[in-house]
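Have a look at the structure below, then the notes.
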Amino acid sequence: MMSSLLSPQILEEFSKEDSSEDTVASAVKVARNAYEHWKDVPITERSKLLRAIRSQLLRHMDEIVDIMIEETGKVVTEAVVSEAVVSCEVLSYYASNAASILKTRSVYPGLLINKRGYKRYEPLGVIGVISPWNYPLVLALGPVATALAAGNAVILKPSEYTPKTGMLIGSLIAKAGAPEGLVQVITGHGPTGEALVRSGVDKIAFTGSVRSGKAVMRAASDTLTPVVLELGGKDPFIVCRDANLDRAARAAVWGAFTNCGQTCMATERVYVVKEVYDVFVDKVISLAAKLHQGTAPSDDVGAVIHKGQLDIIDRHLADAVERGAKVVCGGEHVDVGGRPSMEPTVLLEVDHSMAVMREETFGPLLPIMKVEDEDEALRLANDSQYGLNASIFAKDRRVIDKLVAGLHSGNVCVNDVMISYGIPALPFGGIGDSGFGRSHGPEGLREMAHLKSVAEDRFGFSREPSWMPVPTWLAKAVKTGLDLLYRPGSDRQDSVDRNGTPIRMYINSKEVEVG
Ligand code: NAD
């Protein structure tokens with residue numbers, strides 16, 4: 001019989017605990033000891049551990065999926081397709097690519113041809129990973145595996161709503177053969193997370209809300225602990241006049257309602273060019289009306305995680321309706337496996353005065369807005385403090401390129417939705433209130449490494465020309481050399497521009513003439 005990852009008693013007991021500051025401090029101490037050994041383990045060996053974790057994940061998939069469903073109310077397809085697949089992909093990508101991504105690289109030394117410059121990527125030490133509840137497997141295992149690949153020890157603090165999934169992740173990493181203490185799990189609410197931020201770890205990889213992200217950054221500033229912040233979103237979805245409307249409608253429905261809308265890169269607002277608005281809306285309504293919500297394996301949409309999240313969804317819905325929005329599908333509460341939830345809901349006649357178009361809803365609301373043209377769609381898409389992901393549905397290459405370039409967003413999907421996160425080689429992260437730093441791709445691994453720049457003398461002469469005592473001819477010779485190398489050819493006066501207008505600059509907000 002297959003052995004389980006952790007006994008139900010252990011899961012029950014620890015899931016209720018809030019680790020204290022002292023517990024966190026002891027965990028960091030143990031992690032530091034484990035790090036002293038792990039940092040010298042060759043990358044090829046670290047890659048073996050990642051592959052072994054992947055094997056353990058596959059072996060214990062059902063157990064982990066069941067716990068995720070118990071903790072979040074998500075449907076089985078979401079747990080397997082969105083979480084397990086991306087987890088395996090991230091493990092495989094770094095197992096195969098960590099060595100080349102972290103290899104020492106030479107740089108061109110410029111004028112200093114007697115020097116060699118190179119960049120080294122070294123482990124940072126102990127990384128604190130703080131994760132949310134909405135994708136409790138991939139958003140915890142992903143950063144933990146990345147930190148391990150870069151040679152660090154890790155302390156994982158899973159969400160207080162999904163502590164058991166977090167503990168199972170720790171257990172499968174131990175079963176995969178990780179040295180004792182290299183990966184530890186601490187359970188608890190926000191204050192436990194804050195204790196981790198303040199504990200002297202070498203970096204925090206945080207995924208969660210903007211509010212908590214700001215608190216993490218404030219706490220981290222005391223110790224100048226670097227942070228990666230993967231925060232919320234209000235992702236726009238643009239439908240252009242030449243879009244494949246069947247694909248766009250299905251994508252919008254999946255993007256808005258998968259995980260019951262509780263995805264950082266969910267489709268939270270749709271802008272449709274007026275010529276195709278009616279057809280697109282009809283397609284969306286007919287698809288949304290057929291969705292099955294519940295806990296059965298055949299269901300499409302699961303539950304809202306808890307009452308607090310439902311309250312936010314209710315507030316956005318009520319505010320939209322009060323300001324003139326029309327509910328054309330859903331809009332009622334529904335019980336999903338004992339959790340009070342919201343039906344998949346489509347809203348029309350929406351505008352940017354409404355919270356549903358401006359604040360992160362994190363629930364199954366799909367507001368659709370008619371726009372004049374692609375330019376208006378772009379302007380409205382960018383009218384947001386968030387910038388995580390965006391979707392464009394169009395065929396014309398020029399329109400696609402213009403929208404891709406114009407979107408204020410960390411990630412863009414073209415004729416697709418949310419899929420950028422599924423490509424492990426593609427760096428993922430936000431701009432604006434959606435945070436900074438990247439997970440996935442080479443950049444995601446290098447986030448977990450210390451970049452050391454080395455300049456090395458090549459010839460070993462007993463002095464350099466600029467060392468003291470400085471020769472009196474040096475400054476003049478260097479000026480002549482720079483002139484020969486870089487001086488512009490024109491003898492145009494440089495206190496006026498090419499139209500003869502005096503050139504100005506600002507000092508202390510006052511305009512002064514240059515020259
Ligand atoms: P949350 O901010 O409430 O909690 C996230 C984690 O932070 C939890 O582990 C929590 O205990 C911890 N935490 C809370 N306060 C803290 C503090 N002061 N110091 C340290 N840790 C603290 O978020 P949530 O409700 O679990 O998750 C939903 C949010 O996460 C949404 O806003 C969603 O958009 C965002 N999210 C972002 C991404 C991304 O990759 N950008 C992915 C998933 C979710």
Side-chain angles (χ1 to χ4, degrees), residues 15 17-19 21 24 71-72 74 82-83 86 90 128-140 142-143 146 155-163 165-166 185-199 201 204-222 225 227-235 258-268 304-313 359-363 385-389 409-411 418 420-422 426-440 444 447:
S15 60
E17 259 185 28
D18 267 298
S19 295
E21 230 175 277
V24 174
E71 291 192 312
T72 64
K74 64 173 68 197
S82 302
E83 299 234 47
V86 182
V90 171
V129 171
I130 301 178
S131 57
W133 50 261
N134 63 329
Y135 289 91
L137 174 64
V138 70
L139 294 177
T146 313
I155 297 185
L156 166 65
K157 200 217 71 74
S159 164
E160 55 275 31
Y161 296 103
T162 55
T165 308
V185 180
I186 52 165
T187 59
H189 289 71
T192 302
E194 184 153 342
L196 182 59
V197 177
R198 293 186 183 282
S199 67
V201 290
I204 289 288
F206 175 85
T207 309
S209 62
V210 175
R211 191 172 46 83
S212 306
K214 287 181 179 175
V216 164
M217 198 162 160
R218 272 194 298 274
S221 72
D222 283 346
T225 303
V227 291
V228 176
L229 298 180
E230 301 278 11
L231 308 180
K234 186 76 194 166
D235 289 359
T258 188
N259 218 34
C260 204
Q262 301 160 120
T263 306
C264 56
M265 48 198 317
T267 300
E268 290 237 349
V304 170
I305 180 99
H306 53 58
K307 176 75 171 57
Q309 195 58 49
L310 187 60
D311 289 346
I312 297 171
I313 299 164
E359 298 171 24
E360 185 181 50
T361 307
F362 224 56
Q385 74 270 32
Y386 291 104
L388 191 56
N389 193 40
S409 182
N411 314 272
M418 287 205 265
S420 48
Y421 196 75
L426 207 49
F428 175 81
I431 190 170
D433 274 6
S434 294
F436 50 78
R438 291 295 180 266
S439 54
H440 294 182
E447 285 282 359

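Order of listing sets the numbers, starting from 1, for every ligand and every atom in it. Note that these values count all heavy atoms, side chains included, but never hydrogens, waters or copies made by symmetry. Keep in mind it's a predicted model, so treat the numbers as computed, not measured.
Residue L231 touches ligand 1 through its backbone alone, judged by heavy-atom distances below 4.0 Å. Counting heavy atoms under 4.0 Å from ligand 1, residue N134 touches it through the side chain alone. By the criterion of a heavy-atom distance under 4.0 Å, the backbone of H189, and not its side chain, is placed next to ligand 1. Counting heavy atoms under 4.0 Å from ligand 1, residue V216 touches it through the side chain alone. Contacts between V210 and ligand 1, counted as non-hydrogen atom pairs separated by less than 4.0 Å, are absent for every part of the residue. By the criterion of a heavy-atom distance under 4.0 Å, the side chain of F428, and not its backbone, is placed next to ligand 1. Contacts with ligand 1 closer than 4.0 Å are made by no heavy atom of Y135, backbone or side chain. Contacts between P191 and ligand 1 below 4.0 angstrom, taking non-hydrogen atoms only, are absent altogether.
For ligand 1, the atoms closer than 4.0 angstrom to any heavy atom of A215 are 18 (N). Atoms of ligand 1 lying under 4.0 Å from at least one heavy atom of E194, given by number and element, are 18 (N), 19 (N), 20 (C).
Distances shorter than 4.0 angstrom do not occur between any heavy atom of Y421 and any atom of ligand 1. For G430, the closest heavy-atom approach to ligand 1 does not fall below 4.0 Å.
Given atom 21 (N) of ligand 1, the protein heavy atom at minimum distance is G193 CA, 3.6 Å. F206 CE1, 3.1 Å is the protein heavy atom nearest to atom 7 (O) of ligand 1. Taking atom 12 (C) of ligand 1 as the reference point, the nearest protein heavy-atom neighbour is I130 CG2, 3.7 Å. Atom 43 (C) of ligand 1 has L139 CD1, 3.2 Å as its closest protein atom, hydrogens excluded (heavy atom only). Of all protein heavy atoms, the one lying nearest to atom 5 (C) of ligand 1 is T207 O, 3.7 Å. Among all non-hydrogen protein atoms, the one lying nearest atom 11 (O) of ligand 1 is E160 OE1, 2.6 Å.
Taking distance alone, with nitrogen or oxygen atoms compared against 3.5 Å, E360 approaches ligand 1 more closely than that limit.
Of the listed options S209, G208, P132, G190, S209 places a heavy atom closest to atom 2 (O) of ligand 1. When the heavy-atom distances from atom 33 (C) of ligand 1 to Y386, F362, W133 are ranked, the shortest goes to F362. When the heavy atoms of S212, G429, S131 are ranked by distance to atom 8 (C) of ligand 1, first place goes to S131.
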For a quick test of your reading: what N or O donor-acceptor pairs under 3.5 Å do the side chains of residues 128-136 make, sequence neighbours left out?
from : atom 1 : to   : atom 2 : distance (Å)
N134 : ND2    : Q262 : O      : 3.1
Y135 : OH     : T263 : OG1    : 2.7

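Between the side chain of S19 and the main chain of T192, no donor-acceptor pair closer than 3.5 Å is present.
Annotation: ring pair (Phe, Tyr, Trp, His ring centres under 6.0 Å) contacts of F428 (sequence neighbours excluded): Y421.
N411 approaches S420 most closely through the heavy-atom pair CB-OG, 3.8 Å.
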